[in-house]
J.: 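Got a structure here, written out as structure tokens. Questions coming.
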Amino acid sequence: MNSWDAGLAGLLVGTMGVSLLSNALVLLCLLHSADIRRQAPALFTLNLTCGNLLCTVLNMPLTLAGVVAQRQPAGDRLCRLAAFLDTFLATNSMLSMAALSIDRWVAVVFPLSYRAKMRLRDAALMVAYTWLHALAFPAAALALSWLGFHQLYASCTLCSRRPDERLRFAVFTGAFHALSFLLSFVVLCCTYLKVLKVARFHCKRIDVITMQTLVLLVDIHPSVRERCLEEQRRRRQRATRKISTFIGTFLICFAPYVITRWGKASCLGQEPFRSSDRFSSSPSWRTRSLDNCTCHLSLDTCNAPRDYQYTPDCT
């Protein structure tokens, strides 16, 4: 194992440690806070956290073994199971973040009727839908024998080695990413755009009250007035910054996974895989291996606990 492979292995080990620690802290918060457990977003948080932990415990060790041993890390059945879980957990994480955005949209746009609109039963139904949606594509790939060890990525994931199936596989991969990543991204943008409009409306109301107060308080100290105006300027940017951070985090988390998988599936004219290319030391293989490590890092650690319970405010 050369220094490049050692660096990739170290990146995976570090990612696993950060993922286990951060998601374990989220689970501890859920276990020790009855108030949080009674809220509907707790189900989305639990679903997302458990998915990240499963990916860390089951999928990332196999990828690490593949990078270290430079061969398929397990038998065909175990590798197909790992590929099934990889596809399912990635889709489940995306849809869970979309479900969280819908919950925040209901909470901000309909604050008075939020408890009636988003009950625990409603949240459980949304989680059940995310599971069914996330299971559909890996189940179809399993039936079509499109799960296995990907030679260029050193990982058990979606793959098709038969040249006559490349077009079908590319169409399947495109539909998979359109109904998982793209769908979740559109939901995030639509919901948080509405949340941003509501936040800006409340900011304007607060700004009017602040200016009226400053006009009436003629004897106010200049430093106090300056602090009020500075807070007013910060308030205008706070909601936009938080929403941009959340959506940007989603893109950084899942775009590498989608781009690397879709980019490979769309290369219809390339030659079939050769056993000699399995673990080449060329820059091409190294780039793909780094992309694969980036994908696992994205799926496990980018969903930081600070993003689980997100509510933009103007206060």
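Scope of the values below: all heavy atoms of this structure, side chains included, with no hydrogens, waters or symmetry mates.
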J.: Within a 6.0 Å radius of atom CZ on Phe185, are there more than 12 heavy atoms belonging to other residues, nucleotides or ligands?
T.: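 No, the 6.0 Å shell around CZ holds no more than 12 heavy atoms from other groups.
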
J.: Looking at Phe84 and Ala139, what are the two nearest heavy atoms and their distance?
T.: CE1-N, 3.6 Å

J.: Got a second to check how far Leu142's CG is from Leu135's CG, nearest 0.5 Å?
T.: 11.5 Å

J.: Is it the case that the side chain of Asn23 and the backbone of Leu20 share a donor-acceptor pair, with hydrogens and angles ignored and the cut-off at 3.5 Å?
T.: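 Absent.
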
J.: Above 12 or not: heavy atoms from other molecules or residues under 6.0 Å from OH of Tyr129?
T.: no

J.: Work out which heavy atom in Ala40 is nearest to a heavy atom in Tyr114; give both atom names and the distance.
T.: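 Scanning both residues, the minimum pair turns out to be CB-OH, 4.4 Å.
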
J.: Do Arg162 and Arg168 come within less than 4.5 Å of each other through their side chains, counting heavy atoms only?
T.: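 The answer is no; the side chains never approach within 4.5 Å.
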
J.: I want to check something: taking the side chain as every heavy atom from C-beta on, are Ser93 and Phe254 in contact at a cut-off of under 4.5 Å?
T.: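 Answer yes - side chains close enough.
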
J.: Side chains of Trp146 and Phe172: closer than 4.5 Å at any heavy-atom pair?
T.: yes

J.: Can you confirm whether Leu48 sits close enough to Val26 that some side-chain heavy atom of one is under 4.5 Å from a side-chain heavy atom of the other?
T.: no

J.: With rounding to the nearest 0.5 Å, note down the distance linking CG in Asp86 to OG1 in Thr157.
T.: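 Interatomic distance, Asp86 CG to Thr157 OG1, rounded to 0.5 Å: 4.5 Å.
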
J.: Counting distance only, does the side-chain N/O of Thr191 pair as donor-acceptor with the main-chain N or O of Leu188 below 3.5 Å?
T.: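 Yes, Thr191 side chain to Leu188 backbone: donor-acceptor pair under 3.5 Å.
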
J.: Does the side chain of Leu120 come within less than 4.5 Å of Arg38's, by heavy atoms?
T.: no

J.: Could you state the interatomic distance from CG (Leu43) to CE (Met118), rounded to the nearest 0.5 Å?
T.: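 Between Leu43 CG and Met118 CE, I get 10.5 Å after rounding to 0.5 Å.
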
J.: Which heavy atom of Asn52 sits nearest a heavy atom of Thr56, and at what distance?
T.: O-OG1, 2.8 Å

J.: Could you grab the distance from atom CE of Met16 to atom CG of Asn59, nearest 0.5 Å is fine?
T.: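 So the gap between those two atoms works out to 10.5 Å.
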
J.: Looking at every non-hydrogen atom in both residues, tell me the closest pair between Cys79 and Gly148 and how far apart they are.
T.: SG-C, 3.8 Å

J.: State, with a plain yes or no, whether a side-chain heavy atom of Leu158 is found less than 4.5 Å away from one of Phe137.
T.: no

J.: Taking all heavy atoms of Arg119 and all of Arg121, pick out the closest pair and write down the distance.
T.: NH2-NH2, 2.7 Å

J.: Starting from Leu182, can I reach Val187 by hopping between I/L/V/M/F/W/Y residues whose side chains sit under 4.5 Å apart?
T.: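 No: no chain of side-chain contacts under 4.5 Å links Val187 to Leu182.
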
J.: Kindly indicate, with the supporting measurements, whether the criterion side chain to side chain contact (heavy atoms under 4.5 Å, CB included) is fulfilled by Phe169 and Leu144.
T.: CA-CA 10 Å; Phe169 181 71; Leu144 295 170; over 6 Å; no

J.: Does the plane of the ring in Phe250 sit parallel, tilted or perpendicular to the ring in Phe181? Use 30° and 60° as the thresholds.
T.: parallel

J.: Within this structure, what is the CZ-CZ distance for the pair Phe44 and Arg104, rounded to the nearest 0.5 Å?
T.: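 The CZ atom of Phe44 sits 9.5 Å away from the CZ atom of Arg104.
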
J.: For a 4.5 angstrom cut-off between non-hydrogen side-chain atoms, does Val258 reach Met94?
T.: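 Side-chain contact under 4.5 Å: yes.
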
J.: Are any side-chain N or O atoms of Ser19 and backbone N or O atoms of Thr15, one a donor and one an acceptor, separated by less than 3.5 Å?
T.: no

J.: Going by distance alone, is a donor N or O of one side chain under 3.5 Å from an acceptor N or O of the other, for Ser180 and Thr91?
T.: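 The criterion, which ignores hydrogens and geometry beyond distance, is not satisfied for Thr91 and Ser180.
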
J.: Check for me, please, whether Leu58 and Leu27 land in the same ILVMFWY cluster - side-chain distances under 4.5 Å, paths through other members count.
T.: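 Yes, one cluster joins them.
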
J.: Looking only at heavy atoms, what is the nearest atom pair of Ser101 and Tyr192, with distance?
T.: CB-CE1, 3.4 Å

J.: Hydrophobic cluster membership, with links at side-chain heavy-atom distances under 4.5 Å among I/L/V/M/F/W/Y: are Ile102 and Leu193 in one?
T.: no

J.: Could you check whether any side-chain heavy atom of Trp105 comes within less than 4.5 Å of a side-chain heavy atom of Leu100, counting everything from C-beta outward?
T.: no

J.: Just by distance, do the side chain of Ser145 and the backbone of Ala141 share a donor-acceptor pair under 3.5 Å?
T.: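 No, Ser145 side chain to Ala141 backbone: no donor-acceptor pair under 3.5 Å.
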
J.: Measuring from atom NE2 of His133 to atom CE of Met126, what distance do you get when rounded to the nearest 0.5 angstrom?
T.: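 One finds 13.0 Å between NE2 of His133 and CE of Met126.
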
J.: Do Trp131 and Leu95 sit in one hydrophobic cluster, given that two such residues count as connected whenever their side-chain heavy atoms are within less than 4.5 Å of each other, even indirectly?
T.: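 Different hydrophobic clusters.
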
J.: Whether the side chain of Arg37 engages the backbone of Leu30 through a donor-acceptor N/O pair (distance < 3.5 Å, no angle test) should be reported.
T.: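 At least one qualifying donor-acceptor pair exists.
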
J.: If Ile, Leu, Val, Met, Phe, Trp and Tyr residues are connected whenever their side-chain heavy atoms lie under 4.5 Å apart, and connections chain through other members, are Val186 and Leu183 in the same group?
T.: no

